[in-house]
Peer 1: 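Following this message is one structure expressed as structure tokens.
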Amino acid sequence: MSLPILNDNAGVRSPFSSFAFQSNPSRIKSRSMHAMSNLVDTLELNNQSNANGTIGVNGCTKKAVPKSYSVSADGSVSVLTPLQMGRHELYENIPFTAVFGMQKKERNLSRAFASYAADLDIIEADQKAVATTQQHLSHQDLEKRHSQAELIMMDQLELDNVMVTTPLIFAILVATMSQFLVGYNTGVMNAPENVVLTPHSTGIWGLAVAAFAVGGPFGANIAGNLADTRGRRGALLINTWLFLLGGLIQTLAIDMFSIIIARFIIGFASGFSSVLVPIYLGELAPPTLRGMLGTLTQFALVLGILVSDLLAFPLASPLKWRILFSVTAIVAIIQLFCAPWLLETPRWLLNRDTNSRKARYIIKQLRGFRTYEEVETEVGHFVSAIQAQTMKQHQNQNANNAPPTNHNNSNQKKQTDNNSNSNNNTTTIMELFQDKSVRLLVISCLVLQMSQQLCGINAVFYYSTSFFEGVIDNPLDGTTIVGGVNVLATYVALLLMDVVGRRTLILWSSGGMFVCCIFIVLSLLKYFPNIVALIAVNLYVSFFEIGLGPIPWLIVAEMFDAKYVATAMSASCQLNWACNFIVGITFPYMNNCLGPYSFVPFATVLLFAFIFAAIWLPETQGTTPEELQAELIRKNSTTVYHNLNIHESADSSLAINMEWRHAMEQLKKEEEEAMQSGNYNYGFQPIERGSIPSNRSNTPPTSDWQSVVSGVKQ
């Protein structure tokens with residue numbers, strides 16, 4: 001029996017819709033939206049596995065639960081549990097990339113779907129009550145059931161955060177070694193300036209340091225195409241060989257020209273890695289882990305900087321500097337030995353062939369699935385997300401040929417898959433400037449990218465040892481303290497990005513760094529003790545990490561409509577590397593010429609960034625759960641849901657786990673009895689067909705007990 005909820009605008013109001021207005025005025029808006037947007041079928045009361053509607057599981061009596069499913073407007077049927085529906089939405093809405101600071105979006109989307117599913121659950125529960133008792137559920141019962149259903153869904157959706165398999169862990173660790181090398185080679189040139197192939201000029205050393213930033217944009221540009229043609233795993237291995245080549249040349253360098261060539265190759269590999277590793281981890285991990293893995297890549301980078309500072313204590317000497325440079329080659333060799341643990345991403349395999357057996361095998365390894373049905377459900381999530389993103393890409397390409405539209409709603413976060421698909425985007429930077437509705441957003445992104453580098457942060461990571469000479473007794477101590485503070489500040493930034501707006505953090509970051517620059521200059525002029533300069537530099541790095549460090553990259557995807565994101569990200573990347581090069585090659589001259597005033601140009605940039613953010617920069621903290629839920633309602637407005645009972649679905653999962661545990665205990669008992677009787681096969685004898693018990697089916701046992709628990713015979 002089905003009691004559809006009809007659109008109120010059509011003049012027909014459902015019983016539950018009327019009840020929602022009468023008994024729950026505090027939720028009038030959300031209930032009426034659901035009543036107008038969704039068709040929910042009542043539970044089939046007679047669909048039971050036996051006469052009394054119960055099944056036995058390990059001595060326990062459980063009510064049979066009809067399978068939940070949904071029917072779209074085109075007639076297609078999707079047989080998914082509420083949990084699987086939630087994971088499906090996460091796959092389609094979370095980009096296949098690991099980005100620092102994405103955890104808030106993941107939580108908001110999970111919370112939005114949990115509330116959305118709970119609303120559908122209580123609608124169905126109320127319809128069932130009307131069908132059986134001719135009475136609606138009370139306001140208290142509805143609220144209680146809604147809260148319980150929402151908590152159940154949130155708990156189930158967050159299981160991916162704790163259920164991490166060994167193959168996934170090893171693949172993550174091997175891939176993040178590349179980001180560690182990016183950080184290591186950012187800081188490795190800091191300490192050994194006075195011991196590497198001396199004597200050399202300030203200019204040639206500055207060129208060697210800055211060559212890292214010259215290679216970066218070339219690597220970033222080629223990463224997408226190579227990842228598409230050779231696969232994510234193949235591209236990662238090529239990147240590892242590049243790190244190995246650059247590390248060997250730098251270790252065996254005979255002159256400064258060799259160092260410059262090595263730094264260019266390592267910079268190329270670093271730019272390559274900065275694009276590829278987030279894509280690889282994002283396509284490997286479930287949606288709820290992608291933000292955490294983005295954080296992991298950021299921590300790997302800052303830990304690389306810290307390790308380079310620590311190793312400088314014993315190795316930054318005329319006899320051991322080659323060992324300091326050899327760490328890059330050593331880590332790359334370790335990566336190559338660990339290559340068997342690098343799995344190809346299921347998304348890349350399924351994008352090439354939706355019937356890929358290799359993709360299914362890898363999914364089973366990564367997720368720890370036990371049954372064929374679970375694997376196929378996960379494959380469906382991947383394929384659906386790929387199709388949705390492809391459709392969005394085609395829409396974006398069509399939009400590029402259409403007249404500009406209004407994109408002034410910058411508070412709504414825009415989604416995109418920032419990977420190799422960006423190469424297909426035909427929008428140019430000039431088109432962005434010509435569109436008046438996004439011109440300010442383009443300028444904002446470019447200003448933030450310039451401010452991120454021209455604020456002088458890499459002057460600290462490249463040259464802090466020479467800067468601290470004469471300020472503290474051992475400059476390496478100051479450099480290492482800065483590296484440690486950088487790691488701690490990254491963690492603080494992760495916490496703040498969840499609760500504070502992007503524009504607010506930029507204001508605090510640029511303003512705090514500006515004040516620190518003033519104290520640094522005054523300390524170098526002897527108005528304050530030298531210890532104040534050390535404290536000011538560490539605060540300067542801390543303020544950078546909470547704002548100007550991560551936000552210029554996040555804000556691109558949050559500001560722009562999907563058809564502009566790839567172009568804006570590409571332009572931002574090129575400008576960022578160019579400014580990085582400028583700082584790397586000019587700061588030694590600035591330090592020699594300006595002396596204690598060397599941070600004045602950086603203070604000027606920061607003052608301009610603060611004024612720009614205060615006057616023109618829009619706030620883009622992200623989409624709220626309420627906005628995401630409204631989008632879910634709009635998206636699924638023509639879908640009919642059947643048997644969407646979160647409570648009974650959770651009980652069904654519990655019954656399946658109990659049945660599985662019972663089967664494992666029974667198998668263990670049989671093995672122990674066989675050992676005691678001396679008939680146990682330890683693997684030295686083949687299993688003959690006649691030895692299989694006749695009461696066991698030749699078909700996989702999972703389909704039988706799963707169908708019994710679900711109440712539908714396969």
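Counting from 1, the numbers follow the sequence of the chain as shown.
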Peer 1: Taking atom CZ of Phe313 as the centre, does the number of heavy atoms from other residues, nucleotides or ligands within less than 6.0 Å exceed 12?
Peer 2: yes
Peer 1: Is there a donor-acceptor contact under 3.5 Å from the side chain of Glu193 to the main chain of Trp205?
Peer 2: no
Peer 1: Distance check, rounded to the nearest 0.5 Å: Leu181 atom CG versus Leu301 atom CG?
Peer 2: 10.5 Å
Peer 1: Quick check for you: to the nearest 0.5 Å, what is the distance between Leu244 atom CG and Ile334 atom CD1?
Peer 2: 11.5 Å
Peer 1: Using a strict threshold of under 4.0 Å (side-chain N to carboxylate O), is an ion pair present between Arg232 and Glu283?
Peer 2: yes
Peer 1: Looking at side-chain heavy atoms only, is the closest gap between Phe587 and Asn458 below 4.5 Å?
Peer 2: no
Peer 1: Is Val583 close to Leu454 at the side-chain level, that is, under 4.5 Å between some pair of heavy atoms?
Peer 2: yes
Peer 1: Can you pull out every side-chain hydrogen bond (donor to acceptor under 3.5 Å, both in side chains) where at least one residue sits in residues 244-270? Sequence neighbours excluded, please.
Peer 2: Asp255-Ser258
Peer 1: For residues Leu548 and Ser509, report the shortest heavy-atom separation together with the two atoms involved.
Peer 2: N-OG, 3.1 Å
Peer 1: So, do Phe467 and Ser598 sit near enough that their side-chain heavy atoms are less than 4.5 Å apart?
Peer 2: yes
Peer 1: Determine the interplanar angle of the Tyr462 and Phe212 rings, folded into 0 to 90°, and report it as parallel if under 30°, tilted if 30 to 60°, perpendicular if over 60°.
Peer 2: perpendicular
Peer 1: With no hydrogens and no angle check, do the side chains of Gln179 and Ser273 hold a donor and an acceptor under 3.5 Å apart?
Peer 2: yes
Peer 1: Where do Gly206 and Tyr463 come nearest, in terms of heavy atoms and distance?
Peer 2: CA-OH, 3.6 Å
Peer 1: Kindly indicate, with the supporting measurements, whether the criterion side-chain contact (heavy atoms from CB on, under 4.5 Å) is fulfilled by Phe272 and Leu226.
Peer 2: CA-CA 10 Å; Phe272 196 113; Leu226 202 56; 3.5 Å; yes
Peer 1: Between Tyr540 and Phe602, does the ring centroid distance fall short of 6.0 Å?
Peer 2: no
Peer 1: Indicate yes or no: at least one non-hydrogen side-chain atom of Phe612 is less than 4.5 angstrom from one of Ile443.
Peer 2: yes
Peer 1: Provide the closest heavy-atom pair for Leu606 versus Cys455 in the form atom of the first, atom of the second, distance.
Peer 2: CD2-CB, 3.6 Å
Peer 1: Asn190 and Val460: which non-hydrogen atoms are nearest, and at how many Å?
Peer 2: ND2-O, 3.4 Å
Peer 1: If we ignore hydrogens and angles and just use 3.5 Å, is the side chain of Arg233 paired with the main-chain N or O of Leu343 as donor and acceptor?
Peer 2: no
Peer 1: Would a 4.5 Å heavy-atom cut-off, applied to side chains only, mark Phe268 and Ile222 as touching?
Peer 2: yes
Peer 1: Under the side chain to side chain donor-acceptor pair (under 3.5 Å) rule, what do Thr297 and Thr176 come out as? Steps first, then yes or no, please.
Peer 2: CA-CA 6 Å; Thr297 60; Thr176 51; over 6 Å; no
Peer 1: Is there a donor-acceptor contact under 3.5 Å from the side chain of Arg230 to the main chain of Ala235?
Peer 2: no
Peer 1: Within this structure, what is the OG1-CE distance for the pair Thr198 and Met256, rounded to the nearest 0.5 Å?
Peer 2: 10.5 Å
Peer 1: Counting C-beta onward and ignoring hydrogens, is there a side-chain heavy-atom pair between Leu311 and Tyr184 closer than 4.5 Å?
Peer 2: yes
Peer 1: Which atom pair, heavy atoms only, marks the closest approach of Ser308 to Leu324?
Peer 2: O-CD1, 4.4 Å
Peer 1: For residues 322-342, pull every pair meeting side-chain hydrogen bond (donor to acceptor under 3.5 Å, both in side chains), keeping only residues two or more places apart or in separate chains.
Peer 2: Ser178-Gln335, Asn185-Thr328
Peer 1: Out of curiosity, His200 NE2 to Leu207 CG, how far, rounded to the nearest 0.5 Å?
Peer 2: 12.5 Å
Peer 1: Looking at Leu446 and Leu575, what are the two nearest heavy atoms and their distance?
Peer 2: O-CD2, 3.5 Å
Peer 1: Dump the intermediate steps for side chain to side chain donor-acceptor pair (under 3.5 Å) on Asn580 and Gln452, then the final yes or no.
Peer 2: CA-CA 9 Å; Asn580 189 338; Gln452 186 192 65; over 6 Å; no
Peer 1: Taking side-chain contact (heavy atoms from CB on, under 4.5 Å) as the test, write out the residues that go with Phe299, two or more places apart.
Peer 2: Thr295, Val302, Val487, Thr490, Tyr491
Peer 1: For Phe382 and Tyr91, what are the C-alpha separation, side-chain angles and deciding distance, and is it a ring-ring contact (aromatic ring centres under 6.0 Å, His included)?
Peer 2: CA-CA 7 Å; Phe382 273 102; Tyr91 265 95; 5.0 Å; yes
Peer 1: I'd like to know whether Phe581 forms a ring-ring contact (aromatic ring centres under 6.0 Å, His included) with Trp577, so could you lay out the CA-CA distance, the side-chain angles of the two residues, the decisive distance to 0.1 Å, and finally the verdict.
Peer 2: CA-CA 6 Å; Phe581 173 78; Trp577 280 107; over 10 Å; no
Peer 1: Roughly how far apart are Asn194 CG and Ser466 OG, rounded to 0.5 Å?
Peer 2: 8.0 Å
Peer 1: side-chain contact (heavy atoms from CB on, under 4.5 Å), that's the test. Do Ile204 and Ile260 meet it? Break it down for me.
Peer 2: CA-CA 9 Å; Ile204 198 68; Ile260 293 172; 3.7 Å; yes
Peer 1: Carefully, step by step, assess Trp241 and Leu336 under the rule side-chain contact (heavy atoms from CB on, under 4.5 Å).
Peer 2: CA-CA 8 Å; Trp241 281 105; Leu336 291 175; 3.7 Å; yes
Peer 1: More than 12 non-hydrogen atoms from neighbouring residues, nucleotides or ligands closer than 6.0 Å to CE on Met450, yes or no?
Peer 2: no
Peer 1: Test your reading of the model: is there a side-chain donor-acceptor pair from Trp508 to the backbone of Phe543, 3.5 Å cut-off?
Peer 2: no
Peer 1: Check whether any side-chain heavy atom of Thr345 sits under 4.5 Å from a side-chain heavy atom of Tyr280, and report yes or no.
Peer 2: yes
Peer 1: Passes side-chain contact (heavy atoms from CB on, under 4.5 Å), Met189 versus Ile259? Steps please.
Peer 2: CA-CA 10 Å; Met189 299 290 283; Ile259 296 287; 4.0 Å; yes
Peer 1: Does a side-chain heavy-atom distance below 4.5 Å link Asn576 with Trp553?
Peer 2: yes
Peer 1: Take atom CZ in Phe218; do more than 12 heavy atoms of anything else shown fall under 6.0 Å from it?
Peer 2: no
Peer 1: Would you give the length of the straight line joining atom CD of Gln298 to atom CD of Glu545, rounded to the nearest 0.5 angstrom?
Peer 2: 6.0 Å
